[in-house]
Protein chains: 2
Amino acid sequence: MNASTTIKAPFDRDKQFAAKRRAVILSAASAFRRRGYHNTSMVDIAKTLGLTKAALYYYVRNKEEILFESHLMAYESMEEILKSPRAGKNGLEDLENVFRDFVSLLTQSGVSLLTDVDSLSEKSQGVILARRANIEKRVIRLVELGHKDGSIRRADPRLQVFFFMGALNWLNAWFDSEGRLKGDDIANHFVEQLRSGITADYRRDE
Amino acid sequence: MNASTTIKAPFDRDKQFAAKRRAVILSAASAFRRRGYHNTSMVDIAKTLGLTKAALYYYVRNKEEILFESHLMAYESMEEILKSPRAGKNGLEDLENVFRDFVSLLTQSGVSLLTDVDSLSEKSQGVILARRANIEKRVIRLVELGHKDGSIRRADPRLQVFFFMGALNWLNAWFDSEGRLKGDDIANHFVEQLRSGITADYRRDE
DNA sequence: AATAAATTTGACTCAAGGTTCAAATTTTAT
DNA sequence: ATAAAATTTGAACCTTGAGTCAAATTTATT
């Protein structure tokens, strides 16, 4: 087993380190989501991990880096969803699938969608906003696809996207304070409302 | 004109003071909305008003009070909208009117809907959250009204409301960085999407 | 013009919290 | 068992920004 340890050891180390670093960020991100970045101190973060403030600096350069990585983690997950095929029979269904996965991600995986971009340095801000813009653009493309194949009503795609992306971001404010709701139920409900709104009847327009 | 000044003077004073105080809060609220509460210093607020930090304390007790009043101002405007009759011919139309007014308020009046409740003292937090809950409850009632009169599809009214209230809060993140959009256009678009979602065709469900 | 009241300011205090670092502790390798 | 590397800590430092206050300035009153 010596052979295996000497070979696996350094690999394990890096993995352990990466895992712990990830734990730090996930835990912090969750706190940021609930209480906000500036209302969460490094001591808070350390305590919930059973560590000391100073120990955090073994895993991250500074507090801002945690915020940066938190944002990144969420966006990477969302990009992952956008990459996966899961194609329906038209643009609308594709969009529904993506949106459902977004909601499930945010209600079940522990990944947090944050909004505080202004607490980042100018540089990081640029990276994060670009990332977000990229995701938005891809979602907008899905909508435009739906326009073309006739599955989605024609209108300013940008506005259409902003409207329902708001529902995702607003989740932070109320989800899990309403513990009785299952993530999947929310996802299904939201998809339905994304598609058909709230009207009961069939008439288009006035 | 002496007679008028002696009579009007004390009244004018209070009015001027109140007006200036209001200006402080509105200006600060706008900055809070764009940059966030903690990324806006008292010096920042003072500077945009052509004042000194110390002068602000002539108008408010402390920074938190500004945040509190900012929240309050938005919620009062929203309650105002909810109070006004403007009744349509069913629950859905009532809701549409309210929602349209909400969007117009937030895109045109300078009133800002903030989300940072955690930076308030426990006491103020209670007041603000109660206020918000009250507004939500009234909107939920409108939805339930629509359920009863058959104008709104039956589903968990809470979830229905959370979905489209998200669109309001998300406005902060993108509106006025997209300067070319008129507030009324957004309001109309959003009402349409609130009602009918984005699907192009008439079929209900699958 | 003189006085009083209202408003604003500069200079200061103070606390909170992010960051550093040398030393202590724990874990791994030989 | 011992040395080396990795991890954690306590005790500081340091910056930022909120809040205070007596004095200065501006505005209103007689």
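Just so it is clear: chains get the letters A, B, ... in the order the sequence lines come, proteins before strands, and each one is counted from 1.
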S.K.: Verify, without hydrogens or angle tests, whether A:Asp149 (side chain) and A:Gly91 (backbone) share a donor-acceptor contact under 3.5 angstrom.
M.R.: yes
S.K.: Just checking, any donor-acceptor pair under 3.5 angstrom between side chains of A:His71 and A:Gln125?
M.R.: no
S.K.: Whole angstrom is fine here: how far is it from OH in A:Tyr59 over to P in D:dA6?
M.R.: 12 Å
S.K.: For A:Asp14 and D:dT7, give me the distance from atom CG to atom C1', rounded to whole Å.
M.R.: 15 Å
S.K.: Verify the distance criterion only: is there a donor paired with an acceptor across the side chains of A:Ser121 and A:Ser124 at less than 3.5 Å?
M.R.: yes
S.K.: Does the side chain of A:Tyr58 get closer than 4.0 angstrom to OP1 or OP2 of D:dT8 through an N or O atom?
M.R.: no
S.K.: Could you tell me which residues satisfy salt bridge (Lys or Arg N to Asp or Glu O under 4.0 Å) with B:Arg131, sequence neighbours excluded, listed by chain and number?
M.R.: B:Glu76, B:Glu79
S.K.: Verify whether one side chain among A:Ser104 and A:Asp101 offers a donor that lies under 3.5 Å from an acceptor in the other.
M.R.: no
S.K.: Does A:Ser112 use its side chain to pair, donor to acceptor, with the backbone of A:Leu114 at less than 3.5 Å?
M.R.: no
S.K.: Mind calculating the distance between CZ (B:Arg21) and C1' (C:dT7) to the nearest angstrom?
M.R.: 16 Å
S.K.: Specify the separation, in whole Å, of atom CD of B:Gln16 and atom P of C:dT8.
M.R.: 11 Å
S.K.: Do the side-chain N or O atoms of B:Lys20 get closer than 4.0 angstrom to the phosphate oxygens (OP1, OP2) of C:dT8?
M.R.: yes
S.K.: Round to the nearest Å and state the distance from A:Leu56 atom CG to D:dT8 atom P.
M.R.: 10 Å
S.K.: If the sugar-phosphate is the primed atoms plus P, OP1 and OP2 and the base is the rest, what is the B/S/- string for nucleotides 10-25 of chain D, using protein heavy atoms under 4.0 Å?
M.R.: B-------BBBB----
